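Read through the structure below, which is laid out as structure tokens, and then see the notes.
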Amino acid sequence: MLTCYCESESPPQLSSEMPSPMVVHLHLHLHLLPLVLLVTALTSSPPPSSASTADLPIFREAPAFRNGEQCPNTTTIHIAMTLDKNYLRGSIAAVLSVLRHSMCPESIAFHFLAAHRRTDLRRTVSSTFPYLTFAVYHFDPALVRGKISSSVRRALEKPLNYARIYLADLIPPTVIRIIYLDSDLVLVDDVAKLWDIDLQGRVLGAPEYCHANFSSYFTANFWGNPRFSGTFTKRGREPCYFNTGVMVIDLWMWRDGGYTARLETWMRMQKRHRIYELGSLPPFLLVFAGEVEGLEHRWNQHGLGGDNLEGRCRDLHPGPVSLLHWSGKGKPWLRIDSKRACPLDGLWAAYDLICRPSLLSSILFGLGTRSGRPGC
């Protein structure tokens, strides 16, 4: 876990206690940020491959992560993510961060949703994480055909961006609880702490941000029509914005309550009346805002990718941090490769397994290499 202190706040007091390995590890990365960014920016692009995955990124093999002695024998943590070519590098870094900070990494099962090239993507994940328990499910873009409206950013219009709506339908019914994670984030804490959070009988848990201007997520058409604006009047409490990139979901309650159909209803309504502007987020707000189990903000330090238009650099919010999220236009791997990295992008680079013709990054981060791949 990482803690951010603003300039106006008092620095932490020194302690005679030894810091935890996790804190030492994170402090090491903070000191190495300039070197990390320099090494990553100066190395050349990944070498081509002759396999069918030639246009996919090539990654170094991650080390094997094993369970600690205190791990329970029966608990499996289920995590869902999407996989595609453009965000694959981010997904791989996210998986590595989860495993690296988990006390029980062998007790984690990943469920990946992919719209295309499942075989190629499965092969990439398997070769990068040979010991990982995972499955890749097909997400049919036809499920959202005719339901997606134009958004402020084209990436938000991709069908796979809506796959999280269909988790309960695509993942086996034996899985009754899941953590959904976006592909542009890394964890710096044990995911078991997020998994163990009590949802208090609610379908969904996520950090809420009640200071945000909730009304701005919907158009004048929405607020001017009592049929729409009255949606939130019967909620348990005042609706607040929450980011859908980190969610803990009770899949049994989701299936039982037909929440996929509820979300689809609002997507169809949007096509007819243009009641919002921003991708897959507003349907979640319309269905769940005011009924979300609020989690600590440490579990989604979001907005590090800037806004949806310019993607400028941003600082950490004050307080403890367990998860760093580059939501917004600016993605760390793109900024690093374009030599326009933001200061915090170095924290993401510590989990980047991209294969480059340099051994220095492997030495820095203690990552394994893949035989037969030049420069890895």
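Note that the structure is a prediction, hence the values are computed from the model and not measured. Residues: numbered from 1 along the sequence shown.
With a 6.0 Å radius and a threshold of 12 heavy atoms from other residues, nucleotides or ligands, Trp252 has its CH2 atom at or below the threshold. More than 12 non-hydrogen atoms from other residues, nucleotides or ligands lie less than 6.0 angstrom from CZ of Arg66. Other residues, nucleotides and ligands contribute over 12 non-hydrogen atoms within 6.0 Å of the CD1 atom of Ile171. At most 12 heavy atoms of other shown residues, nucleotides or ligands fall within 6.0 angstrom of atom CZ in Arg340. Heavy atoms from other residues, nucleotides or ligands lying under 6.0 Å from NE2 of His116 number 12 at most.
Ionic pairing of Asp250 and Arg202 is not present here: no N-O contact between side-chain nitrogen and carboxylate oxygen is shorter than 4.0 angstrom. A salt bridge does not link Arg235 to Glu238: none of the charged side-chain nitrogens sits closer than 4.0 Å to a carboxylate oxygen.
Taking CD from Gln301 and CZ from Arg314, the interatomic distance works out to 11.0 Å, rounded to the nearest 0.5 Å. Considering CH2 of Trp223 and OG of Ser216, their distance stands at 9.5 Å, rounded to 0.5 Å. Of the inter-residue distances, the one linking Leu185 atom CG with Leu323 atom CG reads 5.0 Å to the nearest 0.5 angstrom. One distance of note links CG of Asn243 with CG of Leu285; it measures 9.5 Å at 0.5 Å rounding. For the atom pair CZ of Phe129 and CZ of Phe134, the computed distance is 10.0 Å after rounding to the nearest 0.5 Å. Put simply, CG on Leu347 and CG on Leu324 are 6.0 Å apart, with the number rounded to the nearest 0.5 Å.
Met253 is not listed as a side-chain neighbour of Asp256, based on a closest heavy-atom distance of 4.5 Å or more. In this structure, Leu56 and Arg117 have side chains that are in contact, with non-hydrogen atoms separated by less than 4.5 Å. You'll find the side chain of Glu106 stays beyond 4.5 Å of the side chain of Tyr131, heavy atoms only. Looking at Leu286 and Phe222, their side chains come closer than 4.5 Å, going by heavy atoms from C-beta outward. Trp266 places a side-chain heavy atom less than 4.5 Å from the side chain of Thr231. Here the side chains of Leu194 and Val246 are in contact, with some heavy-atom distance below 4.5 Å. Looking only at side-chain heavy atoms (C-beta outward), Leu263 and Phe284 come within less than 4.5 Å of each other. Leu316 has its side chain within reach of Leu304: a pair of non-hydrogen atoms, C-beta onward, lies under 4.5 Å apart.
Taking the six-membered ring where the residue is Trp, the centroids of Phe288 and Tyr259 are separated by under 6.0 Å. Ring centroids of Trp333 and Tyr87 are separated by less than 6.0 Å, placing the two rings close together. The six-membered or imidazole ring of Phe232 lies near that of Phe214, with a centre-to-centre distance under 6.0 Å.
Of all heavy-atom pairs between His302 and His317, the closest is O-NE2, 3.7 Å. When every heavy atom of Cys104 is checked against every heavy atom of Asn67, the shortest pair comes out as C-OD1, 2.9 Å. Residue Leu121 comes nearest to Ala114 through the heavy atom pair CD1-CB, 3.8 Å, listed as atom of the first residue, atom of the second, then distance. Residues Cys240 and Glu208 share a closest heavy-atom pair of CB-OE2, 4.0 Å. Closest approach of Ala349 to Ile336, counting heavy atoms only: CB-CD1, 3.9 Å. Looking at every heavy atom in both residues, Phe218 comes nearest to Pro282 through CE2-CB, 4.0 Å.
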With side chain to side chain contact (heavy atoms under 4.5 Å, CB included) as the test, would you mind laying out the steps for Phe112 and Arg118 before giving the verdict?
CA-CA 9 Å; Phe112 297 111; Arg118 273 194 304 161; over 6 Å; no

Residue pair Arg335, Trp348: steps toward the side chain to side chain contact (heavy atoms under 4.5 Å, CB included) verdict
CA-CA 11 Å; Arg335 296 195 295 211; Trp348 179 89; over 6 Å; no

Does the pair Ile79 and Trp195 meet the rule for a side chain to side chain contact (heavy atoms under 4.5 Å, CB included), with working shown?
CA-CA 9 Å; Ile79 298 176; Trp195 176 262; over 6 Å; no

Start with the C-alpha gap between Glu291 and Val203, add the side-chain angles, then the distance that decides, and say whether side chain to side chain contact (heavy atoms under 4.5 Å, CB included) holds.
CA-CA 8 Å; Glu291 301 289 350; Val203 179; over 6 Å; no

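Judged by distance alone, the side chain of Ser183 and the main-chain N or O of Ser91 form no donor-acceptor pair under 3.5 Å. Checking side-chain atoms of Thr82 against main-chain N and O of Leu113 turns up no donor-acceptor pair under 3.5 Å. Counting only distance, with no hydrogens or angles, the side chain of Gln270 and the backbone of Tyr276 share a donor-acceptor pair below 3.5 Å. Without hydrogens or angle criteria, Arg274 side chain to Thr219 main chain gives no donor-acceptor distance under 3.5 Å. For Ser102 (side chain) and Leu99 (main-chain N/O), no donor-acceptor pair under 3.5 Å exists by modelled atom type. Under a 3.5 Å cut-off, the side chain of Lys329 and the backbone N or O of Gly306 do not form any donor-acceptor pair. The backbone N or O of Ile354 lies less than 3.5 Å from a partner atom in the side chain of Asp352, making a donor-acceptor pair. Between the side chain of Arg298 and the main chain of Pro320, no donor-acceptor pair closer than 3.5 Å is present.
Looking at Arg164 and Asn161, their side chains do bring a donor and an acceptor atom within 3.5 Å of each other. At a cut-off of 3.5 Å, with distance as the only test, a side-chain donor of Tyr166 or Glu264 sits close to an acceptor on the other residue. No side-chain donor-acceptor contact under 3.5 Å links His273 and Asn221.
Cluster membership for Met103 and Val95, using ILVMFWY side-chain heavy atoms within less than 4.5 angstrom, is not shared.
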